Number of protein chains: 2
Amino acid sequence: MVVTDAAGPAAGHELPTGKTRDALRAAHLYYLQDLTMDAIAKELHTSRSSVSRLLSHARATGLVEISIHSPLDLPSRLEQEILERHEVSAHVVPVPDHASDVDRLERVALSAARILSRFIDSNQTIGVAWGSTMSAMSRHLAPKATHNSEIVQLNGAGNLRTTGILYASELLRRFGDAFGARVQQFPVPAFFDDPATKEAFWRERSTRRMLDLQASMDVAIFGIGSPFAEVPSHVYQGGYLERADYEALSRDGVVGDVATVFYRADGSTDGIALNSRATGPDFGILRRAPRRICVVSGQAKLPGLTGALAAGLVTDLIVDEGTARRLVEGSAVDGGNRAAD
Amino acid sequence: MVVTDAAGPAAGHELPTGKTRDALRAAHLYYLQDLTMDAIAKELHTSRSSVSRLLSHARATGLVEISIHSPLDLPSRLEQEILERHEVSAHVVPVPDHASDVDRLERVALSAARILSRFIDSNQTIGVAWGSTMSAMSRHLAPKATHNSEIVQLNGAGNLRTTGILYASELLRRFGDAFGARVQQFPVPAFFDDPATKEAFWRERSTRRMLDLQASMDVAIFGIGSPFAEVPSHVYQGGYLERADYEALSRDGVVGDVATVFYRADGSTDGIALNSRATGPDFGILRRAPRRICVVSGQAKLPGLTGALAAGLVTDLIVDEGTARRLVEGSAVDGGNRAAD
DNA sequence: TCTCCCCCTGCACGTTTGTTCATTCGGCTT
DNA sequence: AAGCCGAATGAACAAACGTGCAGGGGGAGA
């Protein structure tokens, strides 16, 4: 046990005594050969505990990937119906109906984080929004090694009271770490006070660079904000908006936001004043990304979700079971309406 | 057992009471949400034991797939070197050096069976040989649902003493079951007594059909026979060959066989008399398959393996660590020679 | 309608696994 | 050179898990 970890990054050659190497071998023995940890411990000349830890490490670090395939003939009726009705590939996360909203969010985020690795690959530009959903997700990401990928922040996070920036940058960093990607922060407030300031800022070259990046995204990942739900989203309790703003949103018939860009139940955004001060990407830009992953939990977000679907913002949807059910029930009756509650 | 499984193929609608459905849900909860089996039991209104069994079922039927990714920067030095030297993508199975040959075979077969599912897909013609390695493998296949695939027997299995056919057909059936594929048996002896008989047979239309199938294989899977090893392969102890045959093989400098077609250390087959009576596919035919997976365990097969590599029979190699090491050591000195023993 | 048989269930036990804790080990600073 | 700090280790405990077993429910066949 002379050279505990990575063999010789200093020396720069052989000696396969790395921790990762051991973890890899342990994983082989455990998952591919069904040995008991005990047996593996003997083969590796260490204790069972260490093997347990190695395996945890292997899982946590993405050396081991566990995926679940529906036998294509029975893709949960829900997913099937969502696909047919909304042309969106859905992943329904099973959650008991009586689960609390926090539980629900946590569990959807956990599943989403694990599912996400399928979509991430090398040489991609990955747009990431922020909010409570994204934050929960970021805490559970399954690492996956990629080269030359880039995490791009979709919308600003600064506000009046808290910096918000730390919060967002921490979140972004987690994404970056998990995929070994560069992180591009977007150091602006969530909302400008004056549209003119935004426009001025948008002409800055450094801002243009960000916007160009956003326009060439391969994947976008976002949650849904629901301004009028009982459990308000992060944006709505963080001091980003003032009472007058709310009233304006209400007047405009807004049902939700994606990356702080607001929309109505039919997906339209025209004439919503607040958007001219918001820093998130125009939906036209967003829709250029071939893959747009939306993570939703809790039926409070149902109106927001149907709106986002109507706006064509989503290609892949990760949603909890209850909400998925309501979504299908709601749209069963007629085209693209929001459900009862 | 009419309705035990799939919910209502009879009734033809709802009631998601299928066992597979439950297994799927349990797997989600367990592997994607990290719930304890206990918690899952409550959500499913059943006992922990049942959940444990559901999860076993899920794994055994391939609903859950566990795969291991080397972080591309450190692909076991061995695999790397084998790739460079032989242009073959290798999977080295870790096995302690002191393991017995049976252990070793069993463990390689287990790993191979699990790795195999990566290669199998829908609409494929899959050639399968037989032998102790393939047999062990067949017992551990991880099922994977495919459509319209076909398992094709590569070489006959009949012999003088035992039928051998049952053995082979059982093996083939397991492959077929695992992948939901049709099985095409090849009902001929392993070796004809008279080359002329073989030729006659080869003109039969039913035989031609088999040969055409073989010629259009997408994947071939085979082990390596080693006629002169201390632990003889199945072919060599099953009463397929007679003393005179052995002597002929020895005289011809044969080092191994693939699907009962024999070759020398340099991969050549010309002038090996026995081949004209053998029923396996000509190497020219075999090499038409874009993917040719070879499973090898035990250094007794090293000469056979190097020969097969020299003949260009292999695109993907699954091999135990010890043998892999010797392979690399052997070929380190010069081009493509067989190793010491 | 009755019976048989198979398969599924939940319990109870023994095994396997995760985790806490005290300890050691190496590296780095003072 | 001594000492401190974080990381890693193995022992021991507690939780989680797998499996043999007896009981029960429900179809297929008589």
Side-chain angles (χ1 to χ4, degrees), chain A residues 1-12 15-64 66 68 107 110 114 140 142 177, chain B residues 1-12 15-64 66 68 107 110 114 140 142 177:
Chain A
M1 105 198 30
V2 180
V3 186
T4 347
D5 201 343
L15 238 313
T17 323
K19 167 179 180 178
T20 300
R21 245 192 172 72
D22 282 348
L24 214 46
R25 173 173 271 253
H28 261 273
L29 297 174
Y30 191 76
Y31 289 108
L32 254 34
Q33 295 185 22
D34 290 342
L35 295 202
T36 159
M37 293 186 175
D38 216 286
I40 298 174
K42 274 176 209 138
E43 294 203 8
L44 295 194
H45 309 291
T46 180
S47 70
R48 312 120 211 247
S49 349
S50 296
V51 175
S52 172
R53 283 186 276 250
L54 275 181
L55 288 172
S56 296
H57 176 74
R59 284 186 302 260
T61 176
L63 293 183
V64 172
I66 301 184
I68 297 182
R107 290 174 61 165
L110 187 49
R114 306 242 163 121
H140 298 296
D177 286 356
Chain B
M1 147 204 339
V2 178
V3 188
T4 351
D5 202 339
L15 240 313
T17 323
K19 168 179 180 177
T20 301
R21 242 191 175 72
D22 283 348
L24 213 46
R25 173 174 271 255
H28 262 273
L29 298 174
Y30 192 76
Y31 289 109
L32 253 35
Q33 294 186 24
D34 290 342
L35 295 204
T36 155
M37 292 186 176
D38 216 285
I40 299 174
K42 273 175 211 140
E43 294 204 7
L44 295 193
H45 308 291
T46 180
S47 70
R48 314 132 206 230
S49 351
S50 296
V51 174
S52 171
R53 283 186 274 251
L54 275 181
L55 288 172
S56 296
H57 175 76
R59 285 185 302 259
T61 57
L63 293 183
V64 172
I66 301 182
I68 298 183
R107 291 174 61 165
L110 187 50
R114 306 242 163 121
H140 298 295
D177 286 356

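Lettering follows sequence order; numbering is per chain, from 1. Since we're looking at a predicted model, the values are computed, not measured. Below, each value reflects all heavy atoms present in this structure, side chains not excepted, and no hydrogens, waters or symmetry copies.
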Margin query: Taking the side chain as everything from C-beta on, heavy atoms only, tell me whether A/Ile40 gets closer than 4.5 Å to A/Arg48.
Written below: no

Margin query: Within the structure provided, determine whether B/Val51 and B/Leu29 are in side-chain contact (heavy-atom separation under 4.5 Å).
Written below: no

Item checked: Base versus backbone protein contacts along nucleotides 10-19 of chain C [heavy-atom cut-off under 4.0 Å; B, S, -] -> BB----SSBB

Check: Can you name the residues that form a side-chain hydrogen bond (donor to acceptor under 3.5 Å, both in side chains) with B/Arg25, not counting sequence neighbours?
Finding: A/Glu321

Checklist line | Residues A/Asp34 and B/Arg114 bridged, charged N to O under 4.0 Å | finding: yes

Check: Sequence neighbours excluded, which residues qualify as side-chain contact (heavy atoms from CB on, under 4.5 Å) partners of B/Ser52?
Finding: B/Met37

Next item on the list: Specify the separation, in whole Å, of atom CG of B/Asp34 and atom C1' of D/dA15.
Entry: 15 Å

Next item on the list: Please report, rounded to the nearest Å, how far the P atom of C/dT9 is from the CG atom of B/Leu44.
Entry: 11 Å

